[in-house]
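Take a look at the structure set out below.
Everything numeric in this text was worked out from a predicted model, so none of it was measured.
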Amino acid sequence: MIINRWTNNPTAISDSEDILITCKGTVGKIAINSIGKGHIARQLMAIKVNDNLISNQFMDLFLQRQIKTIEQKARGIIPGIKRQDILNIKTPLPPIEEQHRIVAKINEIFSFCDKAMELLHK
């Protein structure tokens, strides 16, 4: 990563493990902040989850499945979504232990798919 711009007075901060989503221009790209605390610009939103209630990996996977819905909400010359567009998404919320089991199972399936793709390309 090359840091080429910065601010002395940051107002929008993302912490480690926040879910980041692009909200201007290329709308709907999602990642989990693995870098740590930092200022985010207008093109990004940070979703902070309560670790006792929601697994950020579960929320990440859920939002990945909602990308088309999120992209369809983008408006303007430079497409953008609003905070309310994300807040209005109805989210299933199983108990935290079940969320962890769901994430583990999906990761297991993705791993299997990755191995199958490697074999196909050999």
Side-chain angles (χ1 to χ4, degrees):
M1 173 172 59
I2 298 171
I3 299 172
N4 58 12
R5 294 175 18 175
W6 63 89
T7 181
N8 292 324
N9 301 309
T11 56
I13 304 293
S14 171
D15 295 308
S16 185
E17 301 302 313
D18 285 350
I19 299 168
L20 301 173
I21 183 167
T22 56
C23 57
K24 286 281 185 202
T26 304
V27 172
K29 300 295 180 189
I30 299 172
I32 295 178
N33 177 352
S34 61
I35 296 171
K37 187 173 187 170
H39 171 68
I40 56 174
R42 290 180 282 196
Q43 293 81 5
L44 283 175
M45 278 185 215
I47 300 171
K48 299 175 184 296
V49 297
N50 178 333
D51 292 343
N52 296 320
L53 298 175
I54 305 172
S55 156
N56 65 341
Q57 288 102 359
F58 177 83
M59 184 57 72
D60 175 45
L61 289 169
F62 173 75
L63 288 171
Q64 296 285 353
R65 296 288 302 154
Q66 300 297 315
I67 290 301
K68 292 293 180 210
T69 302
I70 292 169
E71 288 173 340
Q72 289 171 353
K73 296 188 180 299
R75 301 283 181 256
I77 294 171
I78 299 173
I81 57 172
K82 300 175 187 166
R83 181 176 185 262
Q84 210 58 36
D85 293 330
I86 298 298
L87 293 175
N88 286 339
I89 297 173
K90 296 201 185 306
T91 308
L93 197 57
I96 190 74
E97 299 82 17
E98 184 65 16
Q99 292 175 45
H100 291 301
R101 283 191 288 275
I102 291 168
V103 168
K105 190 53 140 176
I106 290 173
N107 286 340
E108 180 183 322
I109 292 167
F110 283 166
S111 177
F112 175 78
C113 291
D114 289 344
K115 289 175 186 171
M117 290 300 288
E118 282 179 29
L119 290 172
L120 282 173
H121 289 99
K122 282 188 176 182

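- Hydrophobic clustering of Ile, Leu, Val, Met, Phe, Trp and Tyr side chains at less than 4.5 Å, counting indirect connections, keeps I32 apart from I35.
- Sorted by first then second residue, the side-chain hydrogen bond (donor to acceptor under 3.5 Å, both in side chains) pairs that include residues 72-85, not counting sequence neighbours, are Q84-N88.
- You'll find the side chain of I86 reaches within 4.5 Å of the side chain of I47, heavy atoms only.
- Heavy-atom minimum distance, I40 versus M45: CD1-C, 4.1 Å.
- The same ILVMFWY cluster, assembled from side-chain heavy atoms under 4.5 Å apart, contains both I102 and F110.
- The structure places CD1 of I106 at 11.5 Å from CD of Q57, a figure rounded to the nearest 0.5 Å.
- D60 places none of its side-chain heavy atoms less than 4.5 Å from the side chain of V103.
- Using a cutoff of 4.0 Å between basic side-chain nitrogens and carboxylate oxygens, K115 and E118 are not scored as salt-bridged.
- Atom CG of L120 has more than 12 heavy atoms from other residues, nucleotides or ligands within 6.0 Å.
- With a 4.5 Å cut-off on side-chain heavy atoms, F62 and I54 do not count as touching.
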Side-chain atoms of residues 14-25: list all donor-acceptor pairs with protein atoms under 3.5 Å, sequence neighbours left out, distances to 0.1 Å.
from	atom 1	to	atom 2	distance (Å)
S14	OG	D18	OD2	3.3
S14	OG	N33	ND2	2.9
D15	OD2	K48	NZ	3.1
E17	OE1	N56	ND2	3.0
D18	OD2	D15	N	2.7
D18	OD2	K48	NZ	2.7
T22	OG1	T26	O	2.5
T22	OG1	G28	N	3.1
T22	OG1	K29	N	2.9

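- Rounding to the nearest 0.5 Å gives a distance of 10.5 Å between CE of M59 and CD1 of I30.
- Atom-to-atom distance recorded for N107:CG and D114:CG is 10.0 Å, nearest 0.5 angstrom.
- Between the Q99 side chain and the L53 main chain, a donor and an acceptor come within less than 3.5 Å of each other.
- We find the CZ-CD1 distance between F58 and I96 to be 9.0 Å, quoted to the nearest 0.5 Å.
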